[in-house]
Amino acid sequence: MDTAPATAPSPWRILVVDDEPDLVEVLCGALRYEGWQARGAEDGPSAVALAAEWDPHAVVLDMMLPDLDGMQVLERIHATRPEVRVLFLTARDAVEDRIAALAAGGDDYVTKPFSLAEVVVRLRGLLRRAAPSQPEHGGPPAHALVVGDLVLDEQAREVTRAGDTVELSPTEFALLHLLMRHPRQVLSKAQILDAVWSYDFGGQAHVVELYISYLRKKIDAGRPPMIHTVRGAGYLLKAPR
């Protein structure tokens with residue numbers, strides 16, 4: 001029996017709001033790289049108007065805007081679209097500031113400078129929770145990345161290999177997430193630096209080598225290796241044969 005082809009789901013729409021144009025451009029580029037739609041606004045009134053016109057699924061929102069602050073923008077967007085998820089960007093890391101962001105209706109926050117990969121992971125978790133799907137009984141959750149016996153749960157931010165929990169730092173998690181999003185694909189040190197470290201990090205390649213070594217000690221120790229060096233090209237992750 002012929003069946004009609006399944007309709008591909010529409011990509012998530014993400015609105016990025018920050019008064020730094022370069023940051024808006026970098027974030028929108030990273031989100032489009034994930035296959036999502038992304039549009040930017042550089043002030044509060046523009047963000048509110050664009051949200052009303054475009055109906056985004058989520059907003060990446062700077063707390064400290066020059067006109068309407070992030071709290072006011074969130075309030076106006078949620079007045080008509082309470083289901084929109086909001087990830088705050090903040091340069092302030094005090095506990096009271098974080099509490100205020102969440103109490104105002106924000107779903108999560110990251111502090112500047114931040115990792116682009118962390119923003120992507122946190123957004124994916126917010127959006128998956130907004131529209132959860134049930135995993136197969138006994139299998140990995142629907143929001144997990146799986147390569148061989150390595151499982152990364154994006155929503156719970158947990159990693160297991162062969163069922164054993166692997167404890168990772170936020171940067172190690174972001175690096176592994178990048179590798180698992182591109183299995184069997186060689187990623188150069190420059191690509192990894194651009195994707196994992198903060199947009200204004202300006203770091204050197206040695207930090208990639210250092211964190212790859214950290215990951216290997218936690219992921220590959222005592223097991224068939226999954227993280228491989230391709231001399232002169234970069235690194236790749238693949239399931240062992």
Side-chain angles (χ1 to χ4, degrees), residues 5-6 8-9 11-12 29-36 108 110 114-198 201 203 205-241:
W12 284 324
L31 299 177
R32 291 174 187 135
Y33 181 76
E34 295 295 318
W36 305 343
D108 203 351
V110 293
F114 51 79
S115 156
L116 292 175
E118 182 178 8
V119 171
V120 169
V121 169
R122 288 182 180 271
L123 274 174
R124 184 175 283 109
L126 293 182
L127 292 162
R128 292 291 190 188
R129 288 197 292 275
S133 56
Q134 297 299 318
E136 295 291 332
H137 178 70
H143 41 75
L145 298 176
V146 181
V147 179
D149 61 357
L150 183 63
V151 179
L152 182 149
D153 186 330
E154 298 172 303
Q155 182 171 309
R157 297 182 64 78
E158 294 177 347
V159 175
T160 61
R161 181 156 185 199
D164 296 330
T165 299
V166 181
E167 298 291 342
L168 299 179
S169 71
T171 301
E172 291 166 349
F173 185 92
L175 175 55
L176 182 63
H177 179 267
L178 176 68
L179 294 172
M180 292 185 71
R181 288 277 294 171
H182 304 278
R184 304 186 67 85
Q185 178 180 333
V186 177
L187 300 176
S188 69
K189 292 176 183 177
Q191 287 175 306
I192 294 172
L193 270 175
D194 183 59
V196 174
W197 273 264
S198 59
F201 177 70
H206 68 82
V207 75
V208 177
E209 299 169 5
L210 181 64
Y211 273 86
I212 286 288
S213 72
Y214 292 161
L215 267 189
R216 280 179 166 144
K217 289 176 182 177
K218 295 183 176 184
I219 299 297
D220 288 345
R223 303 181 176 97
M226 297 186 70
I227 302 171
H228 302 270
T229 301
V230 180
R231 192 171 300 277
Y235 303 95
L236 65 82
L237 181 141
K238 63 180 180 179
R241 294 182 178 179

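The first residue in the sequence is number 1, and the count goes up from there.
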Distance col, row Q185:CD vs L178:CG, nearest 0.5 angstrom, shows 9.0 Å
Please round to the nearest 0.5 Å and tell me the distance separating atom OH of Y211 and atom CD1 of I192.
13.5 Å
Please report the C-alpha distance between Q191 and Y235 in whole Å, then the side-chain angles of each, then the deciding distance to 0.1 Å, and finally whether the side chain to side chain contact (heavy atoms under 4.5 Å, CB included) criterion is met.
CA-CA 10 Å; Q191 287 175 306; Y235 303 95; over 6 Å; no
To the nearest 0.5 Å, atom CZ of R161 lies from atom CG of L150 at 6.5 Å
Quick one: does any side-chain atom of D153 pair with a main-chain N or O of A144 as donor and acceptor, under 3.5 Å?
no
Kindly write out the residues that satisfy side-chain hydrogen bond (donor to acceptor under 3.5 Å, both in side chains) with R216, not counting sequence neighbours, or none if the list is empty.
T229
Measure the spacing between CG of L145 and CZ of R124 and express it to the nearest 0.5 Å.
7.0 Å
Please report the shortest heavy-atom distance between G35 and P11, naming the atom on each side.
O-CB, 3.3 Å
How far apart are the closest heavy atoms of F114 and V119, and which atoms are they?
CD1-CG2, 3.6 Å
Which is it for L179 and I212 under the side chain to side chain contact (heavy atoms under 4.5 Å, CB included) test, yes or no, and what are the steps along the way?
CA-CA 10 Å; L179 294 172; I212 286 288; 4.3 Å; yes
The single option from L152, L215, V196 passing side-chain contact (heavy atoms from CB on, under 4.5 Å) against F173
L152
If you round to the nearest 0.5 Å, how far is CG of L168 from CG of L175?
9.5 Å
Shortest non-hydrogen contact from P225 to H228?
O-NE2, 3.4 Å
Which atoms form the tightest heavy-atom contact between V147 and A239, and what is the distance?
CG1-N, 3.7 Å
Do you know the tightest heavy-atom contact between D149 and M226?
OD1-SD, 4.0 Å
Tell me every residue that passes side-chain hydrogen bond (donor to acceptor under 3.5 Å, both in side chains) with E158, counting only those two or more places apart in sequence or in another chain.
none
Spell out, as yes or no, whether a donor-acceptor pair under 3.5 Å connects the side chain of S188 to the backbone of G234.
no
Within this structure, what is the NZ-CG distance for the pair K218 and L176, rounded to the nearest 0.5 Å?
11.0 Å
Residue that, paired with W12, satisfies side-chain contact (heavy atoms from CB on, under 4.5 Å) out of L127, L126, L123
L127
Return the orientation label for the Y33 and H182 ring planes: parallel under 30°, perpendicular over 60°, tilted otherwise.
tilted
How close do E167 and E172 get, counting heavy atoms only, and between which atoms?
O-OE1, 4.3 Å
